[in-house]
Amino acid sequence: MTIGIVCYPTFGGSGVVATELGLELSKRGHEIHFITYNQPVRLELVSNNVHYHEVNVPEYPLFHYQPYELALSSKLVDMVKLHNIEILHVHYAIPHAYAAYMAKKMLQEEGIHVPIVTTLHGTDITLVGSHPFYKPAVTFSINKSDAVTAVSKSLKDDTMRLFDIKNNIHVVPNFIDLDKYNHRFTDCQRGMMAADNEKIITHISNLRPVKRVQDVIKVFYGIQKEMPAKLMFIGEGPEKENVEQQCNDLGILDKVIFFGRSNEIDKILCFSDLFLLPSETESFGLAALEAMASGVAVISSNTGGIPEVNINGYSGFLSDVGDVDSMIKNALHILNDEQRLKTFKANARTQAEKFDLHAIVPQYEAIYEDTLSKCLVL
Ligand code: GMT
């Protein structure tokens with residue numbers, strides 16, 4: 001199949017999932033065209049069957065807001081015609097599903113029929129999409145997609161509850177390339193980050209308020225009071241300065257290593273003991289899955305789709321959003337006993353194996369095939 005993938009090219013989970021999906025589909029013999037405003041961060045290799053087409057929005061001072069949707073839909077029309085793209089898979093409803101629908105209608109005028117698969121990732125539904133400003137357009141885009149997927153059952157339920165949805169929504173969870181997390185690095189050098197007796201706690205996110213990064217620091221503060229520990233803090237975002245200030249105020253700045261954005265997450269996770277994800281909402285929690293694939297136990301909130309990933313008392317523990325004391329108690333319970341820590345780490349890896357990309361990517365292929373065959377009948 002020749003598949004067009006539209007996504008946000010940034011470090012966010014939706015862009016990561018879209019990119020990894022495209023790369024795996026290309027390995028499975030499909031021709032992939034990424035269409036977005038920047039080269040996706042995890043798209044390192046463009047090859048004979050992986051292409052990247054940049055969407056440019058010419059700046060006109062006349063426009064107060066530059067019309068990205070318009071530029072994207074025009075680009076989609078051009079790319080579908082030029083490369084004979086058979087199906088468009090758009091990640092994130094706003095504005096991708098909307099722009100894809102416009103492209104589809106324009107192409108229809110020329111007798112070209114391209115079905116649209118929309119994947120809902122979370123904040124397009126739970127935080128932004130349900131806002132009254134966007135709701136009609138998001139509802140319309142979902143209902144007009146030829147197939148819709150959501151990354152967890154929880155997100156599907158939220159979408160059905162918040163919008164007037166007529167379409168069926170398939171649950172296709174986030175996935176992981178387990179081979180990448182099999183740690184054959186010669187440079188998994190724990191010693192460079194922490195002393196042998198120190199436990200290593202890790203957090204990775206885009207440091208948006210929804211991630212409750214202040215809770216990450218509070219939980220780490222509680223842990224390091226009881227045992228030697230270091231915190232690996234990975235990511236950039238709006239809460240970064242507040243977090244640095246918080247660490248300074250608590251007197252733990254020397255125990256926190258700030259990595260900024262990193263493409264070497266697997267190398268950092270390989271020496272981590274515990275991953276913290278206390279988010280306010282989280283449709284799935286790809287970062288937790290990446291940690292678990294590295295054999296890192298997870299202390300998380302119990303919001304959204306996280307319970308579908310992190311199993312309470314098995315791969316880690318779940319607490320109510322904001323219940324920092326419970327998170328500290330659970331973290332210490334795991335870390336205090338070497339044998340228990342080992343068991344939780346092993347369980348985390350076993351649980352991650354359920355989300356192996358070799359099991360999940362074929363689910364998308366099946367949806368594409370089904371969607372294409374239905375469109376041929378019409
Ligand atoms: O979590 C973020 O801030 C990024 C966000 C995105 O839209 O890229 O991630 C969402 O999609 C990921 C991939 O499907 C999910 O694993 C994340 O849980 C989800 N984030 C939220 O729901 C907050």
Side-chain angles (χ1 to χ4, degrees), residues 5-22 24 34 36-38 40-43 89-97 117-131 134 138 148-159 161-162 169-177 203-213 215-216 234-240 261 265 275-293 298 300-310 318 321 351-352 354-355 357 360-361 363-364:
I5 293 185
V6 180
C7 64
Y8 282 109
T10 55
F11 275 85
S14 64
V16 169
V17 168
T19 309
E20 303 281 359
L21 173 64
E24 179 59 20
F34 287 99
T36 179
Y37 60 84
N38 260 328
V41 285
R42 291 215 184 160
L43 184 63
H89 186 175
V90 300
H91 293 259
Y92 218 83
I94 308 168
H96 299 154
V117 177
T118 298
T119 289
L120 309 173
H121 281 275
T123 40
D124 47 352
I125 296 304
T126 48
L127 291 185
V128 193
S130 56
H131 192 284
Y134 295 113
V138 172
V148 183
T149 77
V151 298
S152 61
K153 183 174 177 308
S154 151
L155 182 60
K156 174 180 175 169
D157 294 345
D158 283 345
T159 310
R161 182 172 47 80
L162 293 166
I169 299 181
H170 306 263
V171 175
V172 183
N174 286 177
F175 55 84
I176 192 99
D177 182 354
H203 172 76
I204 306 170
S205 75
N206 49 19
L207 315 193
R208 290 191 297 144
V210 71
K211 302 294 172 183
R212 295 186 68 99
V213 281
D215 285 0
V216 171
I234 301 144
E236 290 291 340
E239 294 294 320
K240 177 92 178 265
R261 290 193 184 95
I265 282 168
F275 186 82
L276 304 181
L277 191 68
S279 305
E280 182 86 36
T281 75
E282 199 71 65
S283 68
F284 182 90
L286 180 62
L289 177 60
E290 291 185 331
M292 287 159 59
V298 174
S300 68
S301 57
N302 55 12
T303 187
I306 300 181
E308 295 171 51
V309 186
N310 182 25
L318 298 103
V321 172
Q351 171 65 5
K354 293 186 183 154
F355 301 92
L357 96 169
I360 309 294
V361 172
Q363 297 181 30
Y364 281 117

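In listed order, ligands and their atoms are each counted from 1.
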Can you tell me how far apart [atom1] ([X]) and [atom2] ([Y]) are? Round to the nearest 0.5 Å.
X	Y	atom1	atom2	result
Asn174	Leu289	CG	CG	7.0 Å
Glu20	Asp177	CD	CG	7.0 Å
Leu155	Thr123	CG	OG1	9.5 Å
Glu282	Asn302	CD	CG	12.5 Å

Any chance the side chains of [X] and [Y] put a donor and an acceptor closer than 3.5 Å?
X	Y	result
His121	His91	yes
His203	Ser205	yes
Thr303	Thr281	no

What protein heavy atom is closest to [atom], reported as residue, atom name and distance in Å?
atom	value
atom 22 (O) of ligand 1	Ser283 N, 2.8 Å
atom 23 (C) of ligand 1	Thr281 O, 3.5 Å
atom 16 (O) of ligand 1	Asn174 OD1, 2.8 Å
atom 2 (C) of ligand 1	Arg208 NH2, 3.2 Å

Under 4.5 Å between any side-chain heavy atoms of Val6 and Tyr92, yes or no?
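No, too far: nothing below the 4.5 Å cut-off.
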If we only count heavy atoms from C-beta on, is the Glu280 to Ser301 side-chain gap below 4.5 Å?
no
Should the proximity of Asn206 to ligand 1, defined as any heavy atom under 4.0 Å, be assigned to the side chain, the backbone, both, or neither?
side chain
Please say whether [X] places an N or O atom under 3.5 Å from an N or O atom belonging to ligand 1.
X	value
Val151	no
Leu286	yes
Val17	no
Phe284	yes

Under 4.0 Å from any heavy atom of Thr123, which atoms of ligand 1 are there?
7 (O), 23 (C)
Below 4.0 angstrom from a heavy atom of Lys211, which ligand 1 atoms are there? Numbered from 1 as shown, please.
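Matching atoms, with element in brackets: 1 (O), 2 (C), 3 (O).
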Which is closest to atom 10 (C) of ligand 1 by heavy-atom distance: His121, Glu290, Glu282?
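Ranked by closest heavy atom to atom 10 (C) of ligand 1, first place is His121.
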Close approach of Tyr92 to ligand 1, heavy atoms, under 4.0 angstrom:
yes
